[in-house]
**Student:** 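To start, I am sharing the structure in question, which I have written as structure tokens.
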Amino acid sequence: MTRRSREPSSGPVRARFGTLAGLLIAVVGIGALAGCGSGSPSALDPHSPQARRIANLFWLMLVLAIVIYLLVVGMVLISLRTRGSDPDAHSDSPGPERRSLSNRFIVIGGLAIPIVVLSVVAVATVSATKALENREGAIQIRVDAEQYWWRLIYEQDGVVSANEIHVPVGKPVVLTLTSDNVIHSVWVPQLNGKVDVVPGQTNRMSFTAQQTGTYRGQCAEFCGIGHALMAFVVVVQSDADYQSWLAANRATPAAPTDPNVVAGQRLLVEGSCAGCHVVAGTAATGTFGPDLTHFGSRGSIAALQLPNDPDHLARWLAHTQDVKPGALMPQIDLTQDDVDHLVAYLESLR
Ligand code: CUA
């Protein structure tokens, strides 16, 4: 008697505690998701039809999960309540009515509803995946994943750049993804889902950016010590701005006249830099590292590790391995004058 009289009170208390814990987890989870939206790129802040499909799929699954969660918790609470007040519930041989109710509940709750829910999710997922497979595009850009930066080749326009993918707004873009080293993965959450970059295979990603702006991307597959520092941006511009960016990046920089810049150019072309870097119009023709022909016009250094200004560039040249541990650019012995001259030259390359 003592045992039975305790059950109805301790059951609901425990259930209420469980509900509270569940709510707490949900609130913390939603808070964490909201945190993704501030500052860092969020897949829930789509700026292309492709990213919107992915975000919609997420919301559909989240709503279904919440509804099912509330249903299950609700039924657990109801069963705890009725079990406490229904003496028949403790009987070892329930009557035929109760058995038939249980069977119906199992068929509907355990079979019919899951089949409907999973079918809805399956159809939505397959149709979204199909839509993302459309690889038609006016703008074709080859993206070679290097360790740990991105080489960008606009073959139709004769432009080679690094880490800043410029595209025009409202036009379908196709990125052709290749790697000659290890597996990487391209991810710009606001424009499309992840696509792996696999050696010996050409993958493609397409998107149509709907709003001008700068969208951060990141390598999303562990590729070595510098993986976390392998970022990039997609710069979405008006068509006119994009065309003038292309024209500026096609041009060969004028020969320098400023003595500091001339000294920097001589250092780069005659020193070890030229073994790995190209500067169009000079004898620097190495292709192992990023093309530096228009380095001064880029917004960042070392795949977004530093803003591109003279102070940060000096730091990069003098402390390469501290700024980006594992970078394949070796620490080069440079005097302060060398650094100053190289900075003057590189920043002049626009
Ligand atoms: Cu490239 Cu991770």
Side-chain angles (χ1 to χ4, degrees), residues 35-36 39-45 48 50-51 54 132 135 139-155 159-167 173-207 209 214-236 275-278 286-292 295 298-308 312-313 315-316 319-331:
C36 295
S40 58
S42 168
L44 303 182
D45 176 27
S48 74
Q50 291 80 4
I54 297 171
L132 296 180
R135 309 272 195 254
I139 313 290
Q140 309 264 345
I141 304 165
R142 203 173 107 202
V143 179
D144 286 348
E146 303 289 346
Q147 282 171 306
Y148 303 95
W149 58 281
W150 309 88
R151 186 195 308 276
L152 310 170
I153 303 170
Y154 294 66
E155 269 156 359
V159 167
V160 180
S161 187
N163 305 324
E164 252 175 46
I165 306 178
H166 287 249
V167 300
V173 174
V174 176
L175 304 182
T176 304
L177 312 172
T178 54
S179 164
D180 65 357
N181 41 85
V182 298
I183 301 177
H184 304 262
S185 185
V186 170
W187 192 24
V188 193
Q190 288 163 296
L191 298 177
N192 205 333
K194 286 178 217 172
V195 178
D196 280 359
V197 191
V198 182
Q201 186 177 319
T202 301
N203 288 346
R204 287 187 172 77
M205 172 198 274
S206 59
F207 60 83
T214 301
Y215 302 95
R216 191 186 161 98
Q218 171 68 42
C219 180
E221 174 75 32
F222 182 75
C223 52
I225 189 170
H227 157 69
L229 309 179
M230 187 170 169
F232 63 101
V233 285
V234 177
V235 182
V236 180
C276 292
H277 296 284
V278 171
T287 53
F288 190 67
D291 187 306
L292 299 178
F295 171 84
R298 291 183 207 144
S300 73
I301 302 167
L304 265 64
Q305 295 321 298
L306 294 174
N308 188 2
H312 285 103
L313 180 56
R315 195 172 144 217
W316 168 244
H319 307 284
T320 309
Q321 291 298 319
D322 292 340
V323 171
K324 191 169 182 178
L328 298 192
M329 176 156 136
Q331 193 71 61

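For ligands, and for the atoms within them, numbers begin at 1 and follow the listed sequence. None of these values were measured; they are calculated from a predicted model.
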**Student:** Tell me which N, O or S atom from E221 is the closest to atom 2 (Cu) of ligand 1.
**Tutor:**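 Result for E221 and atom 2 (Cu) of ligand 1: O.
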
**Student:** Please check if the side chain of Q147 supplies one atom and the backbone of H227 the other of a donor-acceptor pair under 3.5 Å.
**Tutor:** no

**Student:** List the atom of E221, the atom of H184, and the distance in Å for their closest heavy-atom pair.
**Tutor:**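 Reported closest heavy-atom pair: CB-C, 3.6 Å.
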
**Student:** Have a look at H227 and say which of its N, O or S atoms is nearest atom 2 (Cu) of ligand 1.
**Tutor:** ND1

**Student:** Which is the closest N/O/S atom of H184 when seen from atom 1 (Cu) of ligand 1?
**Tutor:**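 Nearest N/O/S atom of H184: ND1.
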
**Student:** Measuring from atom CZ of R315 to atom CD of Q305, what distance do you get when rounded to the nearest 0.5 angstrom?
**Tutor:**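 That separation rounds to 10.5 Å.
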
**Student:** Would you say C219 reaches atom 1 (Cu) of ligand 1 with an N/O/S atom under 2.8 Å?
**Tutor:** yes

**Student:** To the nearest 0.5 Å, what is the distance between CH2 on W187 and CG on D196?
**Tutor:**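 If I round to the nearest 0.5 Å, the distance is 12.5 Å.
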
**Student:** Inspect the contact between E164 and R298 and indicate whether a charged nitrogen and a carboxylate oxygen are less than 4.0 angstrom apart.
**Tutor:** no

**Student:** What angle sits at atom 1 (Cu) of ligand 1 between SD of M230 and SG of C223, to 10°?
**Tutor:**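 About 110° at atom 1 (Cu) of ligand 1.
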
